[in-house]
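Just so we're on the same page: letters track the sequence lines, and every chain starts at 1. Below, each value reflects all heavy atoms present in this structure, side chains not excepted, and no hydrogens, waters or symmetry copies. This one's a predicted model, so the numbers in the text were calculated from it and none came from an experiment.
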2 protein chains.
Amino acid sequence: MVGIKDVARQAGVSVGTVSNVLNRPERVSHEIRARVHAAIDLLGYVRSESARQLRAGHSRMLGLLVMDTGNPFFAVLAQGTEQVAAEAGLGVMVCNSAESAAAEQGYLSLFVEQRLRGVLFAPVASDGEPWQALRRANIPFVVVDRAVDTRTACSVAADDVLGGGLAGRHLLAAGHRRIAYVHGPGHLQQVRDRREGLARAVEEAGLGTDAIVDIPAERLDVSAGRDAGARLLGLSPRPTAVFCANDLLALGVMQTTFDAGVRVPDDLAVVGYDDIEFAEASLIPLTSVRHPAAEIGRLAAGLLLREIEPPDPERGHQHTGIVLRPELVVRRSSTPQP
Amino acid sequence: MVGIKDVARQAGVSVGTVSNVLNRPERVSHEIRARVHAAIDLLGYVRSESARQLRAGHSRMLGLLVMDTGNPFFAVLAQGTEQVAAEAGLGVMVCNSAESAAAEQGYLSLFVEQRLRGVLFAPVASDGEPWQALRRANIPFVVVDRAVDTRTACSVAADDVLGGGLAGRHLLAAGHRRIAYVHGPGHLQQVRDRREGLARAVEEAGLGTDAIVDIPAERLDVSAGRDAGARLLGLSPRPTAVFCANDLLALGVMQTTFDAGVRVPDDLAVVGYDDIEFAEASLIPLTSVRHPAAEIGRLAAGLLLREIEPPDPERGHQHTGIVLRPELVVRRSSTPQP
DNA sequence: CGGTGTGAGTGAAACGATTCATACCGCCGT
DNA sequence: ACGGCGGTATGAATCGTTTCACTCACACCG
């Protein structure tokens, strides 16, 4: 493999000069610069990123750890961070914790071994300090899609309680008095917060807690949604509305019930969460709480960059917590046609 | 940052010994091993991956370059390769060329700079030799989702001509005599092959080429599909069936036409391609040609591993080309209820 | 003519791990 | 008592960059 030494020899200069051509071309005379570039082309030289990293002490990559790379919500979030990172000349390594705390820890160790420049991650567990490894290694990180104490870290999240409230009030306003809540694994903070918002809306409306019917699901995906839909059909009396912890579940629920001849929205109103592209693309477009994925990704990357290179190095870094407001996007799945 | 030297000092041994504890523990006495591990825990030492890489000459990662990380097809493919790579102790770095040849070249250079252990990629351009950079750098690579000459490289693909034929014959058998083909950018081999398969089926049926109505789309996503659907509605006479180059397009087409009151499948039969999860999850489940994403990902990773470490180092590596057979999955979008 | 400054290029140290030839030690067999 | 051997530990060389203190030549100025 051809290295900087070979280039130097070929061009008849020292290695330091070649390095200067690459990194501070203005300090090198025109003629030498040309000679070095000619040698580089001739030999097909490519810088070794690992050697640069070793010297620099850290890589030029960010890590992004999400709970499900198959969920379009996270795919969009990842695109947002990649965009911002690319503008700063940084790459992004996206990893999938698959909602497993063990996998999460594994990837975080990997990130430390790689000496990543910074990390964005959506923690799985709702308690404990999953980021300890990063702390010890002094790797800046931003918590994504979940708010944490600003004494701990920067974070970018959306207000899930508010979002759950939006969904709840929307359904209550339409006259529904018995609402199913289809939720994924209970250890996820987001899932609990959304229910909390729904519960408050129900309370505001002066209804008892039995206005909410919990339907647990194994995972947060379409097939779990189909199972949940089947269970929903078995309930008696059947709820007239269903709120799902995310859009994938809602799509699954809607499919099963639609198949069984239940008319959406007339017999059953359905509201999802996240507003992924497929919510809008459904044949009966899905009402959903818009969770601004791309913006979360972009803002979080921005905060991370600020933590990596403070614009004002004098005063130390102050953690920032951004909480975005979700919006209800009303579509046909919850609004009977006149 | 604490390094191997600090651990050695703390444990009262040489750096070589610490390295042995980490990499060949069987060569180190019990007592020393314990002392070293204690020192590691005490100091919170974490190996520097970049130093290992520098020494080894290559990283312990594979690169995967796909055309659209937002497309569930590629998300599933990525999960397949990650699974196989993880079993071999390798990580995967997933990048998005976004169907741009320039971005593709950018990522390939990045891969070379990183001295990745191997690369899987779905080439954008249908001609030329996009992998030249990898060749020069001696980085093994496997072409994914497209067949190439086995003298050139290993590849794993599905037979798109056959797939297009399956879709075509299915529609023709149902009596359709005027079929729209909604396709994405024409420079993609897959898009052209699928049309080719359709065209042959039409020919076999003894029909003229005017049985196919081309509807071009800007991209291969849902919103492009909606546009295409609108154009389809404007055609007169309107085709009675539509075959789409991928499922995202098909979902978009189906939504627009459904909205306009066109009954699927009675007034319009729709067939997609890839059989992503959302095809099955649609309210009117989408007939689709199953393109085995996870298997492509797994097989390609397997071939790559074989090229990296030949099981039989005696005889050089022989490139292999795997072509999988797609299957038609018939669902409601193309079969009128009795 | 001596002193000073400047711009261009040099060469060696450093980054943190791995690896390999070598040294050491105790023990066995002769 | 000595050679040899197996099992352990050592220390230096190495990977490919970047960086920085330095040299050198040349021009300029008083």
message = Rounded to whole Å, please give me the gap between CZ in Arg9(A) and P in dT17(D).
response = 13 Å
key: Euclidean distance, atom CZ of residue Arg27(A) to atom P of dT6(C) [Å, nearest integer]   = 15 Å
task = Ignoring the backbone of Tyr45(A), work out which of dT19(D), dG11(D), dT17(D) is nearest its side chain.
result = dT17(D)
query = Roughly how many Å is it from NE2 in His30(B) to P in dT8(D), rounded to a whole number?
reply = 10 Å
Touch class at under 4.0 angstrom, heavy-atom based, for Thr17(A) against every strand present = base
query = Does Ser29(B) place a side-chain N or O at less than 4.0 Å from the phosphate oxygens OP1/OP2 of dG7(D)?
reply = no
key: For Phe111(B), all residues meeting ring pair (Phe, Tyr, Trp, His ring centres under 6.0 Å), sequence neighbours excluded   = none
message = Distance check needed: dA13(C) P versus Leu54(A) CG, whole Å only.
response = 17 Å
Closest listed nucleotide, where the reference is the side chain of Arg52(A) and the choices are dA17(C), dT18(D), dG9(C) = dT18(D)
inquiry  = Given Arg117(A), which partner from the list Glu309(A), Arg60(A), Met61(A) fulfils the side chain to side chain contact (heavy atoms under 4.5 Å, CB included) test?
reply    = Glu309(A)
inquiry  = When you measure from the side chain of Arg298(A) to the backbone of Gly80(A), do you find a donor-acceptor pair of N or O atoms at a distance under 3.5 Å?
reply    = no
Earlier contact from the 5' end, DNA chain D, for Ala51(B) and Val15(B) = Val15(B)
request  = Inspect the contact between Glu99(B) and Arg219(B) and indicate whether a charged nitrogen and a carboxylate oxygen are less than 4.0 angstrom apart.
outcome  = no
query = Within the structure, does a side-chain N or O atom of Arg33(A) lie under 4.0 Å from either OP1 or OP2 of dA8(C)?
reply = no
query = dG16(C) phosphate, OP1 or OP2: any side-chain N/O from Ser50(B) under 4.0 angstrom?
reply = no
request  = Could you check Leu64(A), Leu65(A), Val119(A), Val112(A) and say which one makes a side chain to side chain contact (heavy atoms under 4.5 Å, CB included) with Tyr107(A)?
outcome  = Leu65(A)
ask   = So, is Arg24(A) close to the dT19(D) phosphate, meaning a side-chain N or O under 4.0 Å from OP1 or OP2?
value = yes
inquiry  = By the 4.0 Å heavy-atom rule, please label Ser19(B) as base, sugar-phosphate, or nothing.
reply    = base
message = I'd like to know if Arg55(B) reaches the base of dT18(C) with its side chain such that a donor and an acceptor end up less than 3.5 angstrom apart.
response = yes
query = When the distance from CG of Asn20(B) to P of dA21(C) is rounded to whole Å, what number comes out?
reply = 14 Å
request  = Please confirm whether the backbone N or O of Ile40(A) pairs with a side-chain atom of Gln10(A), one donor and one acceptor, at under 3.5 Å?
outcome  = no
task = Using atom CG of Asn23(B) as one end and atom C1' of dA17(C) as the other, report the distance to the nearest whole Å.
result = 9 Å
ask   = Under 4.0 angstrom, heavy atoms only, what part of the nucleic acid is Val46(A) near: base, sugar-phosphate, or nothing?
value = sugar-phosphate
key: Minimum-distance nucleotide to Val28(A) side chain [options: dG9(C), dT10(C), dA17(C)]   = dG9(C)
inquiry  = Can you see if the side chain of Ser14(B) gets near the phosphate of dT10(D) - specifically, an N or O under 4.0 Å from OP1 or OP2?
reply    = yes
Along DNA chain C (nearest heavy atom to each residue), the more 5'-positioned of Glu26(A) and Gly16(A) = Glu26(A)
remark   = Leu22(B) CG to dA17(C) C1', in whole Å, measures 10 Å
remark   = Rounded to whole Å, CD1 of Ile4(B) lies from C1' of dC15(C) at a distance of 13 Å
